[in-house]
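A quick write-up on the structure given underneath.
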Amino acid sequence: MTSVQPEPTPNPDALKFTLDRPSTERRNETFRGGSDAADSPLGAAIFALGGVTNVFLVANFVSVTKAPDVEWDDLVPRITDTITAHFDG
């Protein structure tokens with residue numbers, strides 16, 4: 001099972017989700033509104049949760065930025081589950 005650890009960032013609307021594996025096979029991926037879901041299936045899945053404005057995948061972490069009116073308490077478990085399901089299928 002993929003290990004996912006949420007960590008704070010200097011931006012209160014962004015969290016870093018550190019993984020025990022690479023988050024992408026590419027150098028990096030960015031997903032935001034208007035991006036093609038085929039370009040970043042994990043980014044698209046996280047974005048589809050709602051309340052997310054940007055997803056950035058690089059090295060062994062995923063950075064997620066949320067809308068200011070969305071609470072992390074509601075979003076973190078869903079993001080963690082989405083990342084885990086993506087890698088553990």
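Keep in mind that this is a model prediction, so the values were computed, not measured.
The line from OG1 of T82 to CG of L75 is 9.0 Å long, rounded to the nearest 0.5 Å. Between atom CG of residue L19 and atom NE2 of residue H86 there is a gap of 9.5 Å, rounded to the nearest 0.5 Å. To the nearest 0.5 Å, atom OG1 of residue T24 and atom CG of residue L57 are 6.0 Å apart.
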Fill in: side chain to side chain contact (heavy atoms under 4.5 Å, CB included) between V76 and F17, intermediate numbers included
CA-CA 9 Å; V76 167; F17 293 81; 4.2 Å; yes
Worksheet item: Under the side chain to side chain contact (heavy atoms under 4.5 Å, CB included) criterion, do T80 and V4 qualify, and how do the steps go?
Response: CA-CA 6 Å; T80 301; V4 181; 3.9 Å; yes
Discussion item. For a side chain to side chain contact (heavy atoms under 4.5 Å, CB included) check, start with the C-alpha distance between V55 and R32, then their side-chain angles and the critical distance, and finish with the verdict.
Written reply: CA-CA 6 Å; V55 180; R32 59 178 60 97; over 6 Å; no
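Checking side-chain atoms of D88 against main-chain N and O of T2 turns up a donor-acceptor pair under 3.5 Å. Although no hydrogens or angles enter the test, the distance criterion places a donor-acceptor pair under 3.5 Å between the side chain of T9 and the main chain of A14. Remark: the backbone N or O of E29 is not paired with any side-chain donor or acceptor of S40 at under 3.5 angstrom. Between the S23 side chain and the A59 main chain, a donor and an acceptor come within less than 3.5 Å of each other.
Side-chain atoms of F56 and N28, non-hydrogen and from C-beta on, do get closer than 4.5 Å to each other. W72 places a side-chain heavy atom less than 4.5 Å from the side chain of I79.
Just one of I46, T30, V64 meets the side chain to side chain contact (heavy atoms under 4.5 Å, CB included) condition when paired with N54; it is T30.
Contact between P41 and A38 at its shortest, heavy atoms only, is CD-O, 3.9 Å. Taking all atoms of both residues into account, the shortest heavy-atom contact from F47 to V52 is CE1-O, 3.1 Å.
Every pair passing salt bridge (charged side-chain N to carboxylate O under 4.0 Å, His left out) that includes a residue from residues 58-73 is listed here, sequence neighbours excluded: D13-K66. Identified under the salt bridge (charged side-chain N to carboxylate O under 4.0 Å, His left out) test for residues 14-28, with sequence neighbours left out: none.
A donor-acceptor contact closer than 3.5 angstrom links the side chains of T18 and E7.
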